[in-house]
Protein chains: 2
Amino acid sequence: MSSAAVRDRMLAAGQRITRQRDVVAGVLERARRPLGAGEICDAVTTSDPDVGRATVFRTLHSLVAAEIVQRVTLAGGQSGYLLCAADGHHHHLVCTSCGRTTDLPEAVVAPFLSRVEETHGFTVDHSSFDVHGRCADCR
Amino acid sequence: MSSAAVRDRMLAAGQRITRQRDVVAGVLERARRPLGAGEICDAVTTSDPDVGRATVFRTLHSLVAAEIVQRVTLAGGQSGYLLCAADGHHHHLVCTSCGRTTDLPEAVVAPFLSRVEETHGFTVDHSSFDVHGRCADCR
DNA sequence: ACCTATACTGATACTGCATCTCAATACGGA
DNA sequence: TCCGTATTGAGATGCAGTATCAGTATAGGT
Ligand SMILES: [Mn+2]
Ligand SMILES: [Mn+2]
Ligand SMILES: [Zn+2]
Ligand SMILES: [Zn+2]
């Protein structure tokens, strides 16, 4: 995902483009796996020591709200932040060995959620799946 | 789930029975929804002010490791702890209105995970689903 | 290019969850 | 009852995330 594409998506979401947000987005663009809060703060500080901690979290929050960044749960249980090429909310497989993620196609998830709604009379507002294991490459 | 049953399951998991663990388990037994860490600490202190904070978390950790207590994600994103009658690891629906949980039958989850493994060549080690919405009673 | 409303920012203090240390204690099998 | 060791409490510490608020920079209109 290019830096220009991220900027376009942020503008489309009614958010302003700032130097600080470029730095945070740049860190996530360069990552090939979800990063924890600490990793992001460190990398941001390395890129630009003048970006404040609060701004990093505010930016992550904005990116998540705009569904540009997805929040996933890492193996340890802590939150990870992941910049996806795919638009909107979707689910991931997280490899416990290499840390990389794979998108879970909606075609697989939707029928599962439909079945849940049918069998339990439950209306699903929001779902997030944490599926940890070994990816095809790491077996 | 009775207090005796919890004790049996803790013993079966090779854990000792202590006054402190009884207090923590008692708090979870009386709850009809997953409790957050703060709620648990407060309730434990009310029951017995001499139980230390670290012991509460150690006990929760032990109970989760023994799969007596399940850890779920609450609507706000924070962890909730839930004592289930059902043995072993399983998944839940969490109602955003009343906070109560419903077990997700393995018969619904297993085929989904099988399909994920087949279509992605992914070996699932651990999965946890957070499905938030409105339960049948709250609609 | 300039103006302006306001979205954004940084420093700092603060909350809440969770873990670590280590000496003291209590559990439970023999 | 005795003993090895699992467990405990206090307090410090770490880490994720939020609140405040005065100052700044952006986007969009002219
Ligand atoms: Mn993705
Ligand atoms: Mn359950
Ligand atoms: Zn892998
Ligand atoms: Zn409900």
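Lettering of chains follows the sequences in order, A, B, ..., and the numbering in each one begins at 1. This structure is a prediction, so every number in the text was calculated from the model and none was measured.
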Residue-phosphate contact under 4.0 Å: Thr18(B) side-chain N/O, dT25(C) OP1/OP2 = no

Selection from dT9(C), dT8(D), dA18(C) that lies nearest to any side-chain heavy atom of Gln20(A) | dT9(C)

Nearest-nucleotide pick for Arg16(B), side chain only, options being dG17(D), dG9(D), dT7(D) = dT7(D)

Asp87(B) with Arg9(B): basic N within carboxylate O range, under 4.0 Å | yes

Sugar-phosphate only, base, or nothing, as touched by Arg21(B) at under 4.0 Å among non-hydrogen atoms | sugar-phosphate

Of Arg19(A) and Gly38(A), the one whose closest nucleotide on DNA chain D sits nearer the 5' end is Gly38(A)

Atom CD of Glu39(B) and atom C1' of dT15(C): how far apart are they, to the nearest Å?
-> 16 Å

Gap between atoms CE and P, on Met10(A) and dA27(D) respectively (whole Å) = 10 Å

Among the candidates dA10(D), dT12(C), dT7(D), find the nucleotide nearest to the side-chain atoms of Ala54(B).
-> dA10(D)

Do the rings of Phe129(A) and His91(A) sit parallel, tilted or perpendicular, given the 30° and 60° boundaries?
-> parallel

With the threshold set at 4.0 Å, does a side-chain nitrogen-carboxylate oxygen contact exist between Asp22(A) and Arg7(A)?
-> yes

Select base, sugar-phosphate, or nothing to describe what Gln15(A) touches, counting heavy atoms under 4.0 Å on all strands.
-> sugar-phosphate

Starting at the 5' end of DNA chain C and moving along, which residue's nearest nucleotide shows up first, Gly14(A) or Pro49(A)?
-> Gly14(A)

Separation of dG16(C) P from Ile40(B) CD1 (nearest whole Å) = 15 Å

Confirm from the modelled atom types if Arg53(A) and dG17(D) form a donor-acceptor pair under 3.5 Å, side chain to base only.
-> yes

Could you tell me the separation between the CG atom of Asp48(A) and the C1' atom of dG10(C), rounded to a whole number of Å?
-> 12 Å

Once you round it to whole Å, what is the distance between C1' of dT18(D) and NE2 of His61(A)?
-> 10 Å

Heavy-atom neighbours of Arg139(B) CZ exceed 12 at 6.0 Å = yes

Given atom CD1 of Ile17(B) and atom P of dA6(D), what is their separation to the nearest angstrom?
-> 16 Å

Quick one: is dC17(C) close enough that its OP1 or OP2 comes under 4.0 Å of any side-chain N or O from Tyr81(B)?
-> no

On DNA chain C, more 5' by nearest nucleotide between Leu11(B) and Val51(A) is Val51(A)

If you measure from the Lys or Arg side-chain nitrogens to the Asp or Glu carboxylate oxygens, is any gap between Arg134(B) and Asp125(A) under 4.0 Å?
-> no

For atom CG of Leu35(A) and atom C1' of dC15(D), their distance in whole Å = 16 Å

Give a yes or no on whether a donor-acceptor pair under 3.5 Å exists between the nucleobase atoms of dG9(D), that is its base, and the side chain of Arg58(B).
-> yes

Go through the steps to decide whether Gln15(B) and Arg21(B) satisfy the test side chain to side chain contact (heavy atoms under 4.5 Å, CB included), and finish with yes or no.
-> CA-CA 10 Å; Gln15(B) 297 177 358; Arg21(B) 289 177 174 180; 3.5 Å; yes

Side-chain contact check for Arg71(A): nearest option of dG28(C), dG17(D), dT20(D) is dG17(D)

Given dG17(D), dC17(C), dT8(D), which nucleotide is nearest the side-chain atoms of Phe57(B)?
-> dC17(C)

